[in-house]
Amino acid sequence: MQPHIRRGRFFNHAHERLVHRFGKEIKSLLHIAGKRLMKKAYRIIDYQTKPHDWIADLKPLAASQEPLVTWLGHATFLIQLNKINIITDPVFQEVSRFFPRITKLPIASDELPQIHVILISHNHRDHMDEQSLLALKKHQPLMLVPMGNKSWFIARGFEQVVEMGWWQEYELKSSAINFSFLPANHWTGRGLFDFNKTLWGSWMIQCGDFTLYFAGDTGYGEHFARIQERFSSINVALMPIGPNEPRSVMVHSHVSTQEAVQAFLDLHAQHFLPMHWGTFKSGFDAFADPINQLHHWWSNFQLAADRLHTLKFGEQWLFDSLKP
């Protein structure tokens, strides 16, 4: 399972066409932006659940030997294991006035510990934010990025940048941590003329017997089953659960909450940590809709309650590698 490349652009499969995919995404963005401007979006604030109720007052550790995961909002996680600190898709601020941030960053960027590795899933501004990345440049991190993005980072002074395609691996030998870049069903572009010029994907982090999957942004597809065939034991899956609505718009690029649970089952993972909800007004969901739907579908699929971990913004979750 590899991305299809045609005339310098990436596609999810050989039958996907630029005019169709580009048209769908532009239509989606215009649809949502138009609703924002006309103030005719569905409910955006759930008055029963306030965003500030979901912010945890916790300080990150300088390092951790055991796997420790802290959710900072959206797709930004601080993952600490084997004394190495990894951050995914760092976004610490507003990225667009059309999609304003509704939950503040729980930890100031200058309060983060030393960051050794940064993983990028794709180049959309809510996952690859320039100002947030520049704030971390002082850490001199290793940047693991999808194909087509290296020059962007080099131009901004990042020195350790490794581009990767689907199924490629990078081993951090000094710490015995292996990173695998894996498929996703999505698209890329930071402007009107670079549509799909760079790749997108998901990540697997392995250290000893511990394996963590970071899904990035993705629509539902067969790639989850293909990933499970390569990685038979996945301890933790960090899965997007929103935006859900309007479904006719989101279906091409984002799993619904129900699909996220199905993808978790396809992966045969042990623990589910939700992400990509409640941080930005990126869809028409009320603030807590994705979480409420997640608990509904978790019960509907009859899954054990202790396998689901709904972190607050800034909350930490420790994986005990000694547990069966």
Side-chain angles (χ1 to χ4, degrees), residues 1-6 9-29 75 88-89 119-124 126-127 146-148 164-168 180-189 195-205 211-232 234 236-269 272-277 282-283 290 293-294 297-298 300-301 303:
M1 189 174 188
Q2 292 290 347
H4 187 73
I5 304 174
R6 187 187 313 117
R9 300 181 192 270
F10 295 94
F11 296 90
N12 291 289
H13 50 77
H15 303 293
E16 193 172 42
R17 292 292 180 264
L18 176 63
V19 64
H20 295 149
R21 186 74 190 205
F22 183 75
K24 287 178 181 177
E25 300 309 335
I26 292 299
K27 182 179 179 181
S28 300
L29 292 173
T88 62
D89 291 355
L119 302 180
I120 299 295
S121 65
H122 65 294
N123 75 354
H124 285 157
D126 63 326
H127 290 258
M147 290 178 63
M164 297 174 65
W166 290 354
W167 307 108
Q168 289 186 331
S180 300
F181 190 53
L182 303 170
N185 188 351
H186 205 57
W187 62 286
T188 59
F195 186 83
N196 282 12
K197 285 286 189 177
T198 64
L199 189 55
W200 54 89
S202 56
W203 288 96
M204 194 76 75
I205 303 172
T211 303
L212 178 146
Y213 176 67
F214 170 68
D217 263 6
T218 183
Y220 184 74
E222 64 173 324
H223 60 282
F224 294 112
R226 301 290 81 76
I227 289 169
Q228 190 279 325
E229 291 173 358
R230 178 73 64 91
F231 300 91
S232 59
I234 300 174
V236 182
L238 311 181
M239 302 294 297
I241 61 170
N244 286 279
E245 299 297 339
R247 195 68 209 137
S248 61
V249 171
M250 298 300 174
V251 66
H252 308 297
S253 303
H254 298 280
V255 290
S256 67
T257 305
Q258 179 184 3
E259 289 170 337
V261 178
Q262 183 59 60
F264 172 78
L265 295 175
D266 294 347
L267 291 165
H268 295 183
F272 185 117
L273 272 66
M275 64 169 180
H276 215 277
W277 73 276
S282 55
Q293 290 183 32
L294 176 60
W297 287 110
W298 201 260
N300 196 63
F301 279 95
L303 298 174

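Just so it is clear, the model here is predicted, and its values are computed rather than measured.
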Enquirer: Taking the side chain as every heavy atom from C-beta outward, state whether Pro146 and Phe10 have any pair of such atoms under 4.5 Å apart.
Expert: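 They are not in side-chain contact.
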Enquirer: So, His127 and Asp217: side-chain donor and acceptor under 3.5 Å apart, yes or no?
Expert: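 Present: a donor and an acceptor within the cut-off.
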Enquirer: With no hydrogens and no angle check, is any side-chain donor or acceptor of Asn244 less than 3.5 Å from a backbone partner on Ser256?
Expert: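 Looks like no, no N/O pair under 3.5 Å.
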Enquirer: For this output row, return yes or no: ring centroids of Phe181 and Trp167 closer than 6.0 angstrom.
Expert: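 No, the ring of Phe181 stays outside the 6.0 Å limit from the ring of Trp167, centre to centre.
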Enquirer: Compare all side-chain heavy atoms of Trp166 with those of Leu199 and state whether any distance is below 4.5 angstrom.
Expert: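 The answer is yes, as the side chains (C-beta and beyond) meet within the 4.5 Å cut-off.
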Enquirer: For the NE2 atom of His13 and the CD atom of Gln2, what is their distance to the nearest 0.5 Å?
Expert: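 It comes to 15.0 Å.
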Enquirer: As a quick check of understanding, evaluate side chain to side chain contact (heavy atoms under 4.5 Å, CB included) for Gln228 and Ile234, giving each step before the final call.
Expert: CA-CA 8 Å; Gln228 190 279 325; Ile234 300 174; 5.5 Å; no
Enquirer: Less than 4.5 Å apart, any side-chain heavy atom of Tyr213 and any of Leu267?
Expert: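 When only atoms from C-beta onward are counted, Leu267 and Tyr213 do touch, with a gap below 4.5 Å.
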Enquirer: Any donor-acceptor pair under 3.5 Å linking the side chain of Ser121 with the backbone of Ser202?
Expert: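 Side chain of Ser121 to backbone of Ser202, a donor-acceptor pair under 3.5 Å: no, none is there.
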Enquirer: Within the structure provided, determine whether Trp203 and Asp89 are in side-chain contact (heavy-atom separation under 4.5 Å).
Expert: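 No, their side chains stay 4.5 Å or more apart.
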Enquirer: List the atom of Val255, the atom of Pro240, and the distance in Å for their closest heavy-atom pair.
Expert: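 Between these two residues, the closest heavy atoms are CG2-O, 3.4 Å.
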Enquirer: Could you check whether any side-chain heavy atom of Asp266 comes within less than 4.5 Å of a side-chain heavy atom of Tyr220, counting everything from C-beta outward?
Expert: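 Yes - at least one pair of side-chain heavy atoms lies under 4.5 Å apart.
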Enquirer: Kindly assign one of parallel, tilted or perpendicular to the pair His186 and His254, based on the angle between their ring planes and the thresholds 30° and 60°.
Expert: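 Perpendicular: the ring planes of His186 and His254 meet at over 60°.
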Enquirer: Determine whether Gln262 and Phe301 make a side-chain contact, defined as any pair of heavy atoms from C-beta on separated by less than 4.5 Å.
Expert: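 Answer yes - side chains close enough.
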Enquirer: Does the side chain of Asn12 come under 3.5 Å of the side chain of Trp187 through a donor N or O and an acceptor N or O?
Expert: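 No, because no side-chain N or O of Asn12 sits under 3.5 Å from a partner of the opposite role on Trp187.
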Enquirer: If we only count heavy atoms from C-beta on, is the Pro243 to His276 side-chain gap below 4.5 Å?
Expert: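 SC-SC contact between Pro243 and His276 confirmed.
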Enquirer: Return the NE2 to OG distance between His122 and Ser253, rounded to the nearest 0.5 Å.
Expert: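 If we round to the nearest 0.5 Å, His122:NE2 and Ser253:OG are 8.5 Å apart.
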Enquirer: Under the salt bridge (charged side-chain N to carboxylate O under 4.0 Å, His left out) criterion, do Arg9 and Glu16 qualify, and how do the steps go?
Expert: CA-CA 11 Å; Arg9 300 181 192 270; Glu16 193 172 42; over 6 Å; no
Enquirer: Which residue is it: Trp298, Phe224, Trp297? I am looking for the one with a ring pair (Phe, Tyr, Trp, His ring centres under 6.0 Å) to Phe264.
Expert: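 Between Phe264 and the candidates, ring pair (Phe, Tyr, Trp, His ring centres under 6.0 Å) is satisfied uniquely by Trp298.
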Enquirer: On a heavy-atom basis, which atom in Pro183 and which in Ile227 lie closest, and how many Å separate them?
Expert: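 Here Pro183 and Ile227 meet closest at O-CD1, 4.0 Å.
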Enquirer: Using modelled atom types only, decide if a donor and an acceptor are shared between the side chain of Thr88 and the backbone of Ala75 within a distance under 3.5 Å.
Expert: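 Yes; at least one donor-acceptor contact below 3.5 Å.
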Enquirer: In Å and rounded to the nearest 0.5 Å, what is the CD to CE distance from Glu229 to Met1?
Expert: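 Reported value, rounded in 0.5 Å steps: 10.5 Å.
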Enquirer: Mark yes or no for whether Thr218, through its side chain, and Asn185, through its backbone, hold a donor-acceptor pair below 3.5 Å.
Expert: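 Yes, because the side chain of Thr218 sits within donor-acceptor range (under 3.5 Å) of the backbone of Asn185.
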Enquirer: Taking all atoms of both residues into account, what is the closest heavy-atom pair of Phe272 and Ala260, and its distance?
Expert: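 That would be CE1-O, 3.7 Å.
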Enquirer: Between Trp200 (side chain) and Ala184 (backbone), is there a donor-acceptor pair under 3.5 Å?
Expert: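 Such a contact is found between Trp200 side chain and Ala184 backbone.
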Enquirer: Any sub-3.5 Å donor-acceptor pair from Thr188's side-chain atoms to Asn123's backbone N or O?
Expert: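 Answer holds: no.
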Enquirer: Does some side-chain heavy atom of Gln258 sit less than 4.5 Å from a side-chain heavy atom of Asn300?
Expert: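 No; the side chains remain at least 4.5 Å from each other.
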